[in-house]
Amino acid sequence: MTGKQETVSLFKPKLGGADTGLQKELATGNESFFTTTPFDRKKRLTEIVAKSVLLLMTLLMVIPLILIVCYLLYKAFPVLSLDFLFTNPTRGMRAGGIWAALLGTMYLVVISLLVSAPIGVLAAIYLSEYAGDNWLTRIINLAVVNLAGVPSIVHALFGVGAFVLFARMGRSILAASLTLAIMTLPVIIAATNEALRAVPMAFREACWNVGATRWQTIRSIVLPNSISGILTGIILQVSRAAGETAPIMFTGAVFYKAISEGDPFAYGLFDQCMALSMHLFTISTQVPGVPEAVPYGTAVVLLGTVLLVNMLAIVLRMYLRSRKKW
Amino acid sequence: MRDDDKKIEISNLRVTYGEKEALKGISLDVYENEILSIIGPAQSGKTTLLKVINRTIDLVPDAKVQGTAKVDGENVRDVKSVYQLRRKIGMVFPLPVGLPLSIYDNVAFAPRAAGIRNRKDLDAIVEHCLQQAALWDEVKDRLDSLGTRLSGGQQQRLTIARALSHQPEILCLDEFSIAVDPVTTMRIEDVLKELRSQVTIILVTNLVQQARRLADRTAFLLNGELIEIDINEVIFSDSPANQMTYDYVSGTFG
Ligand SMILES: Nc1ncnc2c1ncn2[C@@H]1O[C@H](COP(=O)(O)OP(=O)(O)OP(=O)(O)O)[C@@H](O)[C@H]1O
Ligand SMILES: [Mg+2]
């Protein structure tokens, strides 16, 4: 169908039968307005091509993802049950569940975020709302951005040096959590900075003009309108902290540790712990004779946890967006 | 007009943004309960002057201020509380800014920031200011809806209501009619005429006729220099002191 036919068929029914001046105008006088030039046709073709390519890429990305999830679920099916979640591994990790690892990961993630989220958010507020634009803050901002891109094994080494050895925490949940916190901190700062910058400057100026202090402005205008972005940034770090092996391997996670089953307070701050990411690594590479379904089951739980948290982020974000007011 | 009627005294004020000199040493006084309008082409430093008076110029990183600006005889740079100074001055900038809050909270924002918590007092202030800004009748039934959802003209009146909400003694309006239709402009002008008995008004405007209609005196700024300041009868006569003033107000400038 050429462009011209299409526009005609679009306009006829709308105008109805009445022989108005407008219709005449459309039919005759303003012909050139509706005829497509070669340039228009080329634009449309480009549009179609662009849309198709983008759609194709989206499918290319989504299909493997779905396949992976299905494959994991299929392979893990024999072990998936509540018991799998709430019992310790047994028989040299060849049977039983993943309770010790699941709980360990939760400890690590929660403690690390309890440390990094407040520090990160407050530091970002200082950097973007209070600190002036001078060489010092520029260096700090540059450092933050670069730290966000440092490989996690480097954070691991720092964690060993700073927490395990220097601060004498030993290999413990605390040392591992702090290492994870160091790893997530720069990303949280960067994400919070982004979210704060997205609040229009005019709002702040309007507040300052009526005699509000910086803090009053931040509390009543800036934070309520950036909180969804800030929370998203934090929650995305949950999946990162849960998934990384390197930072915890040398600072507090162990291959095997039995804890009392079903007791959420089974670990202490200075205990060593198991963790899902490391457990998965162990049973799939270090222990011979593990039934195939066990590592897949572990992977499903790890993936499920991450998906659950991301889902939470999306819902929270939608809720906060709906309350966003401009 | 006597000396002790001076609300604002500006002497030899010089403001630079980095290399750029925005005000090149100007001196002028504003008397109590007058409307002083400031006219001049773009970039002449009008907005900068207002920012010096309420010290929001502090918030521009590379701005440097020399000379003095006094409000009520007190140098703004030496005031005890800059927040108190800002509350003494109501500011309305060219583009209306409805804060992302309800209409009520928009107007109650400044009183709350000043520490007023009592709901009855806040109610009274909100109603009074919205009435002063000629907006009350349009919004009294939906005070809880968002200020940002109002039309542009309504938002500008909301901004004026907010500027009045901390009971300022001075009201500065910076090209308030830029985003407002002529009818609303006339309504706001009526509001200003009523307010003149209670507050001192500085009206920055690029509508020469608006200055002529409303002001007692008019100052003509050009490229950071004060060309002339005088009562309207002189500025808008056939023979102001400076030829450039005549050219500007009669529209043959440049
Ligand atoms: N934040 C800033 N940083 C750097 N230069 C600035 C800043 N604000 C204003 N200037 C410069 O100072 C000069 C005066 O600006 P100002 O905004 O006071 O002019 P104005 O008379 O209000 O103009 P307009 O009628 O366009 O609003 C301009 O040359 C402008 O480029
Ligand atoms: Mg201006």
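Below, all heavy atoms of this structure are taken into account, side chains as well, without hydrogens, waters or symmetry copies. Reminder, nothing fancy here: chain letters follow the sequence lines and each chain counts from 1.
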Which value, rounded to the nearest 0.5 Å, describes the distance between B:R86 atom CZ and A:C207 atom SG? 11.5 Å

Would you say B:K88 has more than 12 foreign heavy atoms packed within less than 6.0 Å of its NZ? yes

Do A:R214 and B:L59 touch side chain to side chain, with heavy atoms closer than 4.5 Å? yes

Between B:P100 and A:N225, is there a side-chain heavy-atom distance shorter than 4.5 Å? yes

Inter-residue atom distance A:W208.CH2 - B:D58.CG, 0.5 Å rounding: 11.0 Å

Can you tell me which portion of B:L95 sits under 4.5 Å from chain A's heavy atoms? Options are side chain, backbone, both or neither. neither

Could you tell me the separation between the CG atom of B:D105 and the OG atom of A:S220, rounded to the nearest 0.5 Å? 9.5 Å

Sub-4.5 Å side-chain heavy-atom contact between B:T56 and A:E205: no

Atom of A:A206, atom of B:V97 and distance for their closest heavy-atom approach: CB-CG1, 4.0 Å

Nearest heavy-atom neighbours spanning A:A212 and B:F109: CB-CE2, 3.7 Å

Assess whether atom NZ of B:K64 is packed by more than 12 heavy atoms of other residues, nucleotides or ligands within 6.0 Å. no

Mind checking whether B:V92 and A:N209 have side chains closer than 4.5 Å, heavy atoms only? no

Quick one: closest heavy-atom pair of A:Q216 and B:A113, and the distance? NE2-O, 2.9 Å

